[in-house]
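The block underneath contains the structure these notes are about, expressed in C-alpha cells.
Counting convention: from 1, in listed order, for ligands and their atoms alike.
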Amino acid sequence: MNIADNLEAVRRRIDAAAARAGRIGSDVLLVAVTKTRSPDEMGLAIRAGVTDIGENKVQEITEKFSPVGMLAAKERAGARVKWHMIGHLQRNKVKYIIDKIDIIHSVDSIRLAEEIDRRAVACGRMMDILIQVNTAGEESKFGVSAEDARPLIGEIIEKCRAIRVKGLMSIAPAADDPEDVRKYFREVKEVYDLVSRDADGERLTAEYLSMGMTHDFEVAVEEGSNLVRVGTGIFGARDYSG
Ligand SMILES: *Cc1c(COP(=O)(O)O)cnc(C)c1O
C-alpha cells in the first residue's frame, strides 16, 4: 500500500473521466478522506501532494487538527491544508469545529445553518458551506430533496450573514455498479445548474459540486462533479475495529 502511488492513480482516473466529459482533470478538486487515518498517514498523503482533507466526525477533527497542522506546515513550506467537514453535523457540535474547518459540505436545514452562522459571527469569520442534496429519497437519511435545495439556499442567504453558500454536495446510495447511480448525480447537477443561475458571486456561488467517492467518482466527474471525496482509493480499506 503506497499512498503516493494510489494518489497518482486516482488523479489519472479523474483526468480520464474529466476528458470523457470534455473537461480537464485539474478543474476537479481531490479531497482526501482521512477518517480513521492517523496523523502520520495523513502526513504521508500531504507529502504526496494532498492539499484538502475530509473528515466526517467532529471528534476526529479536534483530535487531529493540531498534529496534522504541524505536519502540513513542515511538508508544505508553511502552507496549511484545508479541512472539509463532510459528515452529518449535529448543531451542538458546531462550536468545536467552527474555528478549524474551511468548508462544511453537509448543511441540510435552516436550524443547522443558523447555528453555524451564530458561531461564525462569534468568532469573527465567514463560513463556507455546501447544501447536501439527496436525490435518492428514502435510501439516504440526510440531505434535502432536489426541490427543497433552492428554497433553503434562499432562506440561508436571507437569515445568515456569516455564511457563503458555495455549491452542493451529494452522497449517492451504495451500488455494486456505479452506473446505477448516474441518474442521481445527473439530478443533482440539474439543481446545481439552477443554483449557478441564482448565484450573485458573493453570498452564493456555484463553485463546488461535491459528488463522488472511491467507487463512483468517475461517473460523478462525467456527470459534472468538480470535487471528489476519496478515502479508500488513496489509503486502502478502513479498519474500524481499533
Ligand atoms: C467516507 C466518506 C467518503 C469517502 O469514502 P471512500 O469510499 O472511502 O472513498 C466520502 N464522502 C463521505 C461523506 C464519507 O463519509
Under 4.0 Å from ligand 1, counting heavy atoms only: the protein residues, by chain and number: V33, K35, N56, I86, I171, M213, T214, R229, V230, G231, T232, R238
Where at least one partner belongs to residues 33-49, residue pairs that pass salt bridge (charged side-chain N to carboxylate O under 4.0 Å, His left out), sequence neighbours excluded: R37-E41, R47-E75
Sequence-distant partners of F65, side-chain contact (heavy atoms from CB on, under 4.5 Å), two or more places apart: R80, W83, K100
Q59 side chain reached by K93 side chain, heavy atoms, under 4.5 Å: no
Qualifying residue for side chain to side chain contact (heavy atoms under 4.5 Å, CB included) with M213, from V230, I171, V33: I171
Connected-component partners of M126 among ILVMFWY, side-chain separation under 4.5 Å: none
Donor-acceptor pair, side chain of K159 and main chain of G154, under 3.5 angstrom: no
